[in-house]
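All ligand and atom numbering here is 1-based and tracks the order in the structure.
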Amino acid sequence: MKDKMARIKLFDPHIDENEKVQLLRVLGSRFWASGAGIGDVKRFEQKFSGYVKAKDSVALNSGTAALSLALSMYDIKNKEVILPSLSFVATANAVIENGGIPKFVDVDDETLCIDYEKISKAISKRTKVILPVHFAGFPADLSKISELCSENGVHLVEDAAHAAGSVYKNRKIGSHGEMVCFSFHPVKNLAMPTGGLISVNRKDHEQITRILREKRWCGISSRKNTDYDVKNLGWNYYMNEFSAAIGLVQLKKLDKTNKMRRKVAKKYQKEISLESKMPYNDGCSYHFYWIRVKNRTELRKKLLDKGIETGTHYKPIHSFSLYKSRTNLPITDKVGSEIISLPTHPNLTEQDIERVIKTINNLV
Ligand SMILES: Cc1ncc(COP(=O)(O)O)c(C=O)c1O
């Protein structure tokens, strides 16, 4: 029987025999790299496109690479990209890397996704891209944001690092924006040793996908036997075959594991006796569940003493030295000092979930 006081991890990938079998298959093939590998990267792209119903997918080695490459397809040099400051720093780094100017906009107090009303005030002639983050898997208001994009001739690129399997208006995240960037970091809902992907929905998706595929491998194009050309600057952002093999297994069970996460979130939402907590939404993949408290440091320490790991997603990006700006983001600042992330992963037992709820309720 499981030790009642065993440590409850904040993140923990769901692993079964299938991942092990697939890993050994790739190992034995001796074709570990991509491109000339055993074809799992390509299979993963096809399966993922089918899963989210995207026009195309380009598999990469991280969500960071996905954001950088996606933005490199727009000429954002000296142009503004509107994004939330409440995100992982990679979201904004991709803007700077491509010569753009991050324009931080505050989040909605209830969902912690970028606030549509505030985007409409921030948009200007210099705006090139709107980059919402589906925070903790909660789908941002894509209909309204898409409307703003069409009205202003601005492009929609999504940071869906938390949102593999999330649904917005009956369609999986990955099928809405021009480009949607996923992360398959081991803590994510679809876990790999490392990985990312861009799903592409633009009208010119065939051409865009071809260029993205060239850029993910050093710009190499027009390959004929051993000859090739380089027309665009590229990097080594390719997904490897081990990641793709694990990803194929993880993708098969993603809806099931997300359903387990939603069940945990529903119980937290109902039973945690705090006012300020993440709302319940059937379309959310609940990468984690957040609560907000005034005495965060103290509460986190007490929870850890009781064997419950928590996190703080995120220290707002505009508070980092590289990004320091005078932008007024009152909700982001407040959330940044109050938020605690709680585990929702599919390895939690009923007792674990009860323990998290009871311990918090006893402490607040
Ligand atoms: C919101 C967000 N964007 C981007 C990334 C970057 O993804 P990766 O770690 O796969 O590079 C992450 C990963 O933590 C993230 O949480």
Identify, for [atom], the protein heavy atom at the shortest distance, and state residue, atom and that distance.
atom: atom 11 (O) of ligand 1; value: Thr64 OG1, 2.5 Å
atom: atom 9 (O) of ligand 1; value: His185 CD2, 3.8 Å
atom: atom 8 (P) of ligand 1; value: Gly63 N, 3.4 Å
atom: atom 12 (C) of ligand 1; value: Phe88 CD2, 3.6 Å

Discussion item. Surrounding CD of Glu350 (heavy atoms of other residues, nucleotides or ligands, distance under 6.0 Å), is the total greater than 12?
Written reply: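 No, CD of Glu350 has 12 or fewer neighbouring heavy atoms, counting only those of other groups under 6.0 Å.
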Worksheet item: Any N/O of Ala161 closer than 3.5 Å to an N/O of ligand 1?
Response: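 No - when backbone and side-chain N and O of Ala161 are compared with those of ligand 1, no distance drops under 3.5 Å.
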Worksheet item: Using 30° and 60° as the class limits, which term best fits the ring planes of Phe184 and Phe182: parallel, tilted or perpendicular?
Response: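 It falls in the parallel class, under 30°.
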Worksheet item: Parallel, tilted or perpendicular: which fits the ring planes of His318 and Phe104, with parallel below 30° and perpendicular above 60°?
Response: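 Answer is tilted, since the angle falls between 30° and 60°.
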Practice prompt. Would you mind running through ligand 1 and noting each atom that sits below 4.0 Å from a heavy atom of Ser62?
Written response: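 Here the atoms of ligand 1 in question are 10 (O), 11 (O).
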Worksheet item: Which of the atoms in ligand 1, numbered in the order shown and given with their element, are less than 4.0 Å from a heavy-atom of Thr91?
Response: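 Those qualifying, in numeric order: 3 (N).
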Fill in: Between Asp106 and Thr332: side-chain donor-acceptor atoms closer than 3.5 Å
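The criterion, which ignores hydrogens and geometry beyond distance, is satisfied for Thr332 and Asp106.
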Item to complete: Examine the side chains of Asn189 and Asn258 and answer whether a donor and an acceptor come within less than 3.5 Å of each other.
Response: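 Yes, side-chain donor-acceptor contact under 3.5 Å.
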Worksheet item: At under 4.0 Å between heavy atoms, which part of Leu67 makes contact with ligand 1: side chain, backbone, both or neither?
Response: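 Just the side chain.
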Does [X] have a heavy atom less than 4.0 Å from any atom of ligand 1?
X: Lys188; value: yes
X: Tyr314; value: yes
X: Ser87; value: yes

Fill in: Closest candidate by heavy atom, reference atom 3 (N) of ligand 1, pool Asn93, Val133, Asp159, Leu60
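Selected option, by shortest heavy-atom distance: Asp159.
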Discussion item. Counting only heavy atoms, tell me which of Ala94, Ala65, Ala92, Ser183 gets closest to atom 7 (O) of ligand 1.
Written reply: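 Closest candidate by heavy-atom distance is Ser183.
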Item to complete: Could you tell me whether Asp16 and Lys253 make a salt bridge, using a distance below 4.0 angstrom between a side-chain N and a carboxylate O?
Response: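 Between Lys253 and Asp16 there is a salt bridge, with a charged N closer than 4.0 Å to a carboxylate O.
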Worksheet item: Given Tyr74 and His155, is the ring-ring contact (aromatic ring centres under 6.0 Å, His included) satisfied, shown in steps?
Response: CA-CA 9 Å; Tyr74 302 91; His155 303 279; 4.6 Å; yes
Worksheet item: Considering the options Lys301, Arg7, Arg300, Lys9, which one meets the salt bridge (charged side-chain N to carboxylate O under 4.0 Å, His left out) requirement together with Glu309?
Response: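 Among Lys301, Arg7, Arg300, Lys9, the one that satisfies the salt bridge (charged side-chain N to carboxylate O under 4.0 Å, His left out) with Glu309 is Arg7.
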Worksheet entry | His134 side chain vs Ala140 backbone, donor-acceptor pair below 3.5 Å |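 Such a contact is found between His134 side chain and Ala140 backbone.
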